[in-house]
Amino acid sequence: MPEADEVDEEEEMPLSLRLSIADTLTLGNATCGFMAVYFTTTGILIPHLTGDQATGMARHSAATAVILMLCAAVFDLFDGLVARKLRSSPMGAELDNLSDLISFGLAPAYFVLVYGMVADDAHQRVAAVGAIVVLLAVVLRLARFSCVTPPNGMFQGMPSPFGALTVVSIVLLELPFVATLLAILGTAWLMVSRVEYPKPRGRLAVAMLAWIVVSMGLLAAWAFDAPSGQLLLQTGCALQLVMGAVIPLFATARRVNNFRDNRREARAAQLP
């Protein structure tokens with residue numbers, strides 16, 4: 001009997017291998033990223049290679065792929081909130097990085113790659129280089145995030161979910177190829193830069209969730225060829241780019257104001 005008890009204790013799953021609720025949400029993030037790659041392949045790339053270039057099908061598949069990336073961003077937002085409120089397993093941080101790599105590294109990079117293959121004015125090999133740059137930027141950003149403790153309430157560099165959605169928005173804007181490539185490379189640079197972005201907490205998290213829901217609505221309107229759907233989508237994509245450029249300006253302004261306030265307090269403390 002004692003030997004049987006020892007065997008049962010050894011076969012029991014270690015605590016470090018038990019998934020928490022937050023980990024389950026993180027796995028949902030990875031699943032959405034993989035399915036985004038699936039729809040990009042089956043709905044855009046394969047029909048292009050086989051000569052079955054149905055515009056409506058490609059539009060539906062592109063919209064579905066981007067909506068799945070948006071769903072991955074929702075999972076990524078909520079798994080952090082749930083982990084802080086409840087708990088996360090010791091695997092939580094590793095699962096989060098791996099899932100982010102799939103949904104916000106591989107999926108948008110693959111989207112850029114396929115764009116370079118199907119767009120009329122695109123150059124496939126140059127687009128492949130841009131896709132590799134996006135993927136490596138996300139890899140470097142996630143690795144740095146694991147090793148460096150960022151300032152309180154701030155991210156160093158554009159967060160990978162925001163960067164992935166910005167890259168996809170650039171492609172959906174259907175700009176000339178050179179402008180598209182330069183904007184994608186600029187977004188990749190922002191992800192590995194030290195430009196500060198606020199963490200999505202409190203009101204900012206609610207605003208981000210509302211923007212994701214609005215973006216899904218714009219994509220659905222475009223996919224089903226609603227009146228002015230193309231214009232609405234391009235407006236949303238343009239706003240995504242503007243936010244990517246403007247948000248760090250607010251963070252910088254707040255940092256400058258805090259620095260000035262600290263200097264004033266220091267001077268006031270030195271006065272007799």
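Along the sequence shown, residues are numbered consecutively beginning with 1.
M158 has its side chain out of reach of V195: every pair of non-hydrogen atoms, C-beta onward, lies at least 4.5 Å apart. Considering only heavy atoms from C-beta on, L68 stays 4.5 Å or farther from Y38 through its side chain. At a threshold of 4.5 Å between non-hydrogen side-chain atoms, the residues T31 and F34 do not count as touching. The side-chain heavy atoms of L185 and L181, taken from C-beta on, include a pair separated by under 4.5 Å. The shortest side-chain heavy-atom distance between L98 and T26 does not fall under the 4.5 Å cut-off. Residues L27 and D23 fail the side-chain proximity criterion, which asks for heavy atoms closer than 4.5 Å.
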What side-chain donor-acceptor pairs closer than 3.5 Å can you find for residues 115-136, not counting sequence neighbours?
| from | atom 1 | to | atom 2 | distance (Å) |
| --- | --- | --- | --- | --- |
| D121 | OD2 | F177 | N | 3.2 |

Review item, side-chain donor-acceptor pairs of residues 237-244, under 3.5 Å, at least two apart:
| from | atom 1 | to | atom 2 | distance (Å) |
| --- | --- | --- | --- | --- |
| Q240 | OE1 | W211 | NE1 | 2.8 |
| Q240 | NE2 | T166 | OG1 | 3.2 |

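Nearest approach of G236 to L218, heavy atoms of both residues: CA-CD1, 3.8 Å. Pairing each heavy atom of F155 with each of P200, the nearest pair is CE1-CD, 3.7 Å. Scanning both residues, Y197 and L190, for their nearest heavy atoms gives OH-CD1, 3.8 Å.
Summarising the geometry, atom CG belonging to L95 is positioned 9.5 Å from atom CG belonging to D79; distances are rounded to the nearest 0.5 Å. To the nearest 0.5 Å, the span separating CG on L142 from OG on S160 amounts to 5.0 Å.
At a threshold of 4.5 Å between side-chain heavy atoms, the hydrophobic network of Ile, Leu, Val, Met, Phe, Trp and Tyr places L70 and M208 in one connected group.
Using the six-membered ring where Trp is involved, H60 and F224 have ring planes that are perpendicular, over 60° apart on the 30 and 60° scheme.
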Problem set entry | Test side chain to side chain contact (heavy atoms under 4.5 Å, CB included) applied to L233 and L219, step by step | CA-CA 6 Å; L233 178 68; L219 286 162; 3.6 Å; yes
